[in-house]
Amino acid sequence: TANNANFDADISDNSLCTYDLVQGCMDVTACNYDEAAEEDNGSCTYAAEGFDCAGNCLSGSLQSMVMNSHPTYNDGTYGATYTISLGDEVIASGPSDGGNWATSTDAFCLEDGCYEVAVTAGLFGYTSSLYTFEFGDGSFTLGSTGLASIGENGCITACTDSTANNANFDADISDNSLCTYDLVQGC
């Protein structure tokens with residue numbers, strides 16, 4: 001508390017306050033910790049979840065969901081939402097900004113992997129390819145789902161035909177044009 005506080009003042013101007021103790025953030029886990037502070041003034045700030053104080057990822061790499069609204073209306077996602085999952089765990093969802101805009105970006109830290117992306121339909125079940133959600137190597141529209149690859153250990157695309165020489169049943173995406181087969185000899 002300021003030593004010259006006047007609670008009857010008509011105008012509040014905290015820049016006029018004087019203190020007997022050095023004011024500042026006293027929480028050592030805060031980004032703006034001040035070791036010289038003698039009294040906590042409530043000014044502590046903290047890093048966003050998954051980030052350090054400089055905005056770097058604590059693990060994984062910085063990824064983003066870039067959302068583009070209808071080019072004519074600039075109405076955000078028109079009520080649509082997205083989820084990004086790895087296995088059965090929802091890793092991220094949004095948008096974080098539900099307003100009206102032409103383009104908005106949600107950023108988060110993710111490990112390499114093959115992620116499932118689901119985008120709901122907009123208001124009243126509206127689907128349109130004019131609203132796009134771009135994540136990893138994938139592009140999604142209202143009411144769509146699919147896979148997106150992040151990093152070197154992303155989605156595996158391979159042959160899944162059990163009669164092929166190179167079948168890979170761990171593949172995330174089946175592409176049997178990649179299959180190779182033994183030649184059948186005979187007349």
Side-chain angles (χ1 to χ4, degrees), residues 30-31 45-182:
C31 294
T45 59
Y46 300 89
E49 185 178 344
F51 295 89
D52 65 14
C53 291
N56 301 309
C57 292
L58 294 175
S59 68
S61 61
L62 185 62
Q63 302 296 323
S64 59
M65 172 67 83
V66 178
M67 298 157 285
N68 300 294
S69 76
H70 191 289
T72 302
Y73 304 121
N74 293 333
D75 56 354
T77 63
Y78 195 63
T81 60
Y82 70 84
T83 56
I84 300 171
S85 304
L86 186 59
D88 294 330
E89 182 182 357
V90 173
I91 305 298
S93 60
S96 61
D97 175 6
N100 292 332
W101 35 257
T103 300
S104 185
T105 302
D106 290 348
F108 22 81
C109 299
L110 296 176
E111 302 293 335
D112 287 1
C114 185
Y115 291 85
E116 183 174 351
V117 177
V119 178
T120 65
L123 297 174
F124 313 110
Y126 183 68
T127 59
S128 171
S129 62
L130 296 175
Y131 296 83
T132 60
F133 293 70
E134 299 166 13
F135 172 73
D137 64 353
S139 184
F140 307 89
T141 59
L142 300 184
S144 69
T145 61
L147 298 176
S149 189
I150 299 295
E152 293 178 18
N153 298 315
C155 300
I156 299 169
T157 301
C159 168
T160 57
D161 182 345
S162 62
T163 63
N165 294 335
N166 62 336
N168 181 348
F169 301 110
D170 293 325
D172 300 299
I173 302 167
S174 178
D175 183 351
N176 286 342
S177 69
L178 301 173
C179 296
T180 59
Y181 301 92
D182 285 332

What's the spacing between [X] [atom1] and [Y] [atom2] if we round to 0.5 Å?
X	Y	atom1	atom2	value
I156	S149	CD1	OG	9.0 Å
D161	S177	CG	OG	12.0 Å
D172	T160	CG	OG1	11.5 Å
T105	M67	OG1	CE	6.5 Å
L142	L123	CG	CG	9.5 Å
C57	L62	SG	CG	5.0 Å

Ignoring hydrogens, what is the shortest heavy-atom contact between [X] and [Y]? Give both atom names and the distance.
X	Y	value
E134	S139	CG-OG, 3.9 Å
L147	D137	O-OD1, 4.4 Å
A158	L178	CA-CD1, 4.0 Å
F133	M65	CB-SD, 3.7 Å
S69	G76	CB-O, 2.8 Å
A148	F140	CB-CZ, 4.2 Å

When you compare the side chain of [Y] with that of [X], does any pair of heavy atoms fall below 4.5 Å?
X	Y	answer
N166	C179	yes
V119	T141	no
C109	F51	yes
N74	N100	no
L130	Y73	no

Check: Do side-chain atoms of D112 reach the backbone of E152 as a donor and acceptor pair under 3.5 angstrom?
Finding: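 Yes, the answer is positive, given that a donor and an acceptor are paired below the 3.5 Å cut-off.
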
Note to self: What I want to check is whether the side chains of T145 and E116 have a donor and an acceptor closer together than 3.5 Å.
What the structure shows: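 No, because no side-chain N or O of T145 sits under 3.5 Å from a partner of the opposite role on E116.
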
Checklist line | Test side-chain hydrogen bond (donor to acceptor under 3.5 Å, both in side chains) applied to Y115 - qualifying residues, sequence neighbours left out | finding: none

Check: Among all residues two or more places apart in sequence or in another chain, which pass the side-chain hydrogen bond (donor to acceptor under 3.5 Å, both in side chains) test with S162?
Finding: none

Check: How would you list all residue pairs meeting disulfide bond (SG atoms under 2.5 Å apart) that involve residues 124-156, not counting sequence neighbours?
Finding: C114-C155

Next item on the list: Any pair with a residue in residues 59-93 that passes disulfide bond (SG atoms under 2.5 Å apart), sequence neighbours left out, goes on the list, sorted by first then second residue, please.
Entry: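 Found none.
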
Next item on the list: Just say parallel, tilted or perpendicular for the rings of F108 and F135, cut-offs at 30° and 60°.
Entry: tilted

Show which side-chain atoms of residues 79-96 pair as donor or acceptor with protein atoms under 3.5 Å away, not counting sequence neighbours.
residue, atom, partner, partner atom, Å
T81, OG1, T120, OG1, 3.4
Y82, OH, D106, OD2, 2.6
S96, OG, D106, OD1, 2.5

Margin query: Heavy-atom count check: over 12 atoms from other residues, nucleotides or ligands less than 6.0 Å from F169 CZ?
Written below: yes

Checklist line | For A30, all residues meeting side chain to side chain contact (heavy atoms under 4.5 Å, CB included), sequence neighbours excluded | finding: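 With neighbours one apart ignored, the set is C25, D27, N32, C44, Y46.
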
